[in-house]
Amino acid sequence: MAETWATSGVDLHLEPAGPGGLRRGLTDALRDAVRTGRLAPGTRLPSSRALAADLGIARNTVGEAYADLVAEGWLTARQGSGTRVAERTVVPPSGPARRPRVPPRPTHNLVPGTPDLAAFPRAEWARAARRALTAAPNDALGYGDPRGRIELRTALAGYLARVRGVRCDPDHLVVTAGFSHALRILGPVLRARGADSVAVESYGLDAYWGLLQAAGLATPALPWDELGTDTGPLTTEGAVLLTPAHQFPMGMPLHPDRRATVVDWARRTDSLVLEDDYDGEFRYDRQPVGALQGLDPDRVVYLGTASKSLAPGIRLGWMVLPPALTREVTAVKGHVDTVGVLEQLTLAEFLTSGAYDRQVRASRLRYRRRRDALAAAVTERAPGVRVTGVAAGLHALLRLPPGTEPSVVQAAAWQGLALHGLSFHRHPESVAEPLDALVVGYGTPPDSAWAGALEALCRVLP
């Protein structure tokens, strides 16, 4: 087949403009692309014929520009290998400024929020994906219902009712690309309903507070005491964001009296409770606490994801909405589905086939063993440190002697250990008495690195 402009050569963006004519403009443009690193050493350039056709100039002009740059050492030209960007050694500037010392790159990661990604069930997920794609109707590959695929919404409604006690109709469930995506949707909805603030807990994730603030909502912090988050002071806020099954990062469930208090407040003030059930399936000492949503589906927005049970990278979450809120949320999410349909269909198959239950149960056993090992090692090696909170989730709170948190976190960094102090998760407006503690994500390391990470942690504890 004869070469054509559409099929020959490789693409190269150049703008050979400027004084001095086309040859000089092309030479300068190529030299600048190499100098700035846009064309990396070893990059093969188009043939003179192809580049001339692309730029609409004479082939001789391109050949002369290439020859000039070969002579200057910017390009190389060899028979059979074409014209390429020359390999260059970058000479450091003389008298380099002395760089400040920085901690080494972490060897072990105990930052909370991520499961053991090496334990993702790749083979089972691939089988589910094949089955789901084979069975999917052709219209599944279209733009779709903005709430998400009906297969996934139906499977999730059944699963959440069975496992978390959520009262849910698939028509009132909206699939999202994770928890942050859900907050980006809910923020404008709350503002449109007249809310100017969403109360939050004294300890949590600043990224979530920031998403609410970006929607124009204030995020006042609720008090904290020995019973956990105090929901009694709620007044005129339009909503409250809570982690009632396993408070992040303090590690305790919301006290039963305060569960009742927050639902009564929502009913009395026509407000909403945003329930973040981020790891509700992972309780190790007893059956998990049921979802708060079961107390009043008309007042509680239930939020969950597959980020802890599977992996955050699959970007799947869900909102179970009060019926009166479904239309508003759907309108803000958009007129078409914005979450990958193949991932939705695969998760639906994963749920209905029982593979999701098997994955959760296997993960629960793995993480319980890690938490037990963490508690035993801390008790033996650092008797002045206490592991607190209920046995649940993928992280633990280690209470430190007063005044020691900054030095322990710094020592961990120098030992190549990434972890967070409790102060990292403290709301700037919190009135709770500061506590010295570490938030240890024991779910993050792969099995092969867990023993080393635990040993490194014990070395830095006071």
Side-chain angles (χ1 to χ4, degrees), residues 114-115 117 119-164 166 168-189 211 274 276-278 280-281 293 301-323 325-360 363:
T114 305
L117 300 179
F120 181 80
R122 294 170 186 253
E124 190 69 46
W125 185 262
R127 286 192 289 270
R130 284 194 296 271
R131 293 194 300 268
L133 187 57
T134 300
N138 291 335
D139 65 5
L141 301 177
Y143 290 107
D145 189 322
R147 292 172 298 176
R149 287 298 305 175
I150 185 59
E151 296 92 337
L152 179 55
R153 289 187 284 120
T154 301
L156 279 171
Y159 176 80
L160 295 173
R162 172 170 58 87
V163 175
R164 302 297 297 125
V166 173
C168 175
D169 185 306
D171 287 344
H172 304 135
L173 192 152
V174 173
V175 179
T176 68
F179 185 81
S180 294
H181 184 208
L183 283 188
R184 289 189 180 95
I185 296 169
L186 289 170
V189 171
L211 289 173
L274 311 182
D276 178 6
D277 195 34
Y278 67 101
E281 298 147 313
Q293 189 264 5
V301 177
Y302 177 87
L303 301 155
T305 78
S307 296
K308 305 296 185 294
S309 54
L310 291 171
I314 64 173
R315 308 306 304 141
L316 284 175
W318 43 87
M319 293 187 278
V320 179
L321 299 164
L325 204 63
T326 304
R327 180 175 296 180
E328 300 169 57
V329 167
T330 304
V332 171
K333 185 171 185 253
H335 298 296
V336 297
D337 194 4
T338 55
V339 183
V341 67
L342 297 182
E343 289 79 6
Q344 292 187 59
L345 293 171
T346 301
L347 181 56
E349 171 65 23
F350 218 65
L351 285 160
T352 55
S353 69
Y356 191 86
D357 282 270
R358 292 191 294 273
Q359 169 68 11
V360 168
S363 299

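Note that the numbering runs from 1 along the sequence shown for the chain. This is a predicted model, so every value here is computed, not measured.
- Using a 4.5 Å heavy-atom threshold, the side chains of T338 and P146 count as separate.
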- Message: Please evaluate residues D337 and Q344 with respect to the criterion side-chain hydrogen bond (donor to acceptor under 3.5 Å, both in side chains), reporting the C-alpha separation (whole Å), side-chain torsions for both, the decisive distance (0.1 Å), and the verdict.
- Response: CA-CA 11 Å; D337 194 4; Q344 292 187 59; 2.6 Å; yes
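- Note: E124 CD to S353 OG = 6.0 Å, rounded to the nearest 0.5 Å.
- For the residue pair A182 and L303, the shortest heavy atom distance occurs at CB-CD2, 3.8 Å.
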- Message: Assess the residue pair L321 and V174 against the criterion (side-chain contact (heavy atoms from CB on, under 4.5 Å)); give the C-alpha distance rounded to whole Å, side-chain angles, the decisive distance to 0.1 Å, and a yes or no.
- Response: CA-CA 8 Å; L321 299 164; V174 173; 3.6 Å; yes
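- Across V329 and L186, no two heavy atoms sit closer than the pair CG2-CD2, 4.1 Å.
- Residue L211 holds its CG atom at 11.5 Å from CD1 of I185, rounded to the nearest 0.5 Å.
- Between L351 atom CG and Q359 atom CD the span is 11.5 Å, to the nearest 0.5 Å.
- At most 12 heavy atoms of other shown residues, nucleotides or ligands fall within 6.0 angstrom of atom OH in Y143.
- Note that OG1 of T305 is 6.0 Å distant from CH2 of W318, once rounded to the nearest 0.5 Å.
- In this structure, R315 contributes its side chain and P312 its backbone to a donor-acceptor pair below 3.5 Å.
- Taking the six-membered ring for Trp and the full ring otherwise, the centers of F179 and Y278 sit at least 6.0 Å from each other.
- No donor-acceptor pair under 3.5 Å is formed between the side chain of T154 and the backbone N or O of E151.
- Between I314 and E343, the closest heavy-atom pair is O-CG, 4.1 Å.
- Heavy atoms only, all atoms of each residue included: L141 and L342 are closest at CD2-CD2, 4.1 Å.
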- Message: Quick one, V341 with R149, criterion side-chain contact (heavy atoms from CB on, under 4.5 Å). Give me CA distance, side-chain angles, the key distance, then yes/no.
- Response: CA-CA 7 Å; V341 67; R149 287 298 305 175; 3.5 Å; yes
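- Contacts of A119 classified as side-chain contact (heavy atoms from CB on, under 4.5 Å), with partners at least two apart in sequence or in another chain: D116, R366.
- In this structure, the side chain of K333 engages the main chain of V175 through a donor-acceptor pair within 3.5 Å.
- The closest donor-acceptor contact from the side chain of R147 to the backbone of D171 lies under 3.5 Å.
- Summarising the local packing, CZ of R122 is surrounded by 12 or fewer heavy atoms from other residues, nucleotides or ligands at distances under 6.0 Å.
- The structure places CG of D357 at 4.0 Å from CZ of R162, a figure rounded to the nearest 0.5 Å.
- The heavy-atom pair separating A177 from H181 by the smallest distance is N-ND1, 2.8 Å.
- To the nearest 0.5 Å, atom CG of residue L345 and atom CZ of residue F350 are 14.5 Å apart.
- In terms of modelled atom types and a separation under 3.5 Å, the side chain of R153 and the main chain of G148 share a donor-acceptor contact.
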- Report the C-alpha distance between R164 and V320 in whole Å, list the side-chain angles of each, state the deciding distance to 0.1 Å, and finish with yes or no for side-chain contact (heavy atoms from CB on, under 4.5 Å). CA-CA 12 Å; R164 302 297 297 125; V320 179; over 6 Å; no
- Query: Going through the checks in order, is the side-chain contact (heavy atoms from CB on, under 4.5 Å) test met by D277 and Q293?
  - Reply: CA-CA 10 Å; D277 195 34; Q293 189 264 5; over 6 Å; no
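- Exactly one of R131, R130, R127 qualifies for a salt bridge (charged side-chain N to carboxylate O under 4.0 Å, His left out) with E349. That residue is R131.
- The two residues Y356 and L310 have their closest heavy-atom pair at CE1-CD1, 3.9 Å.
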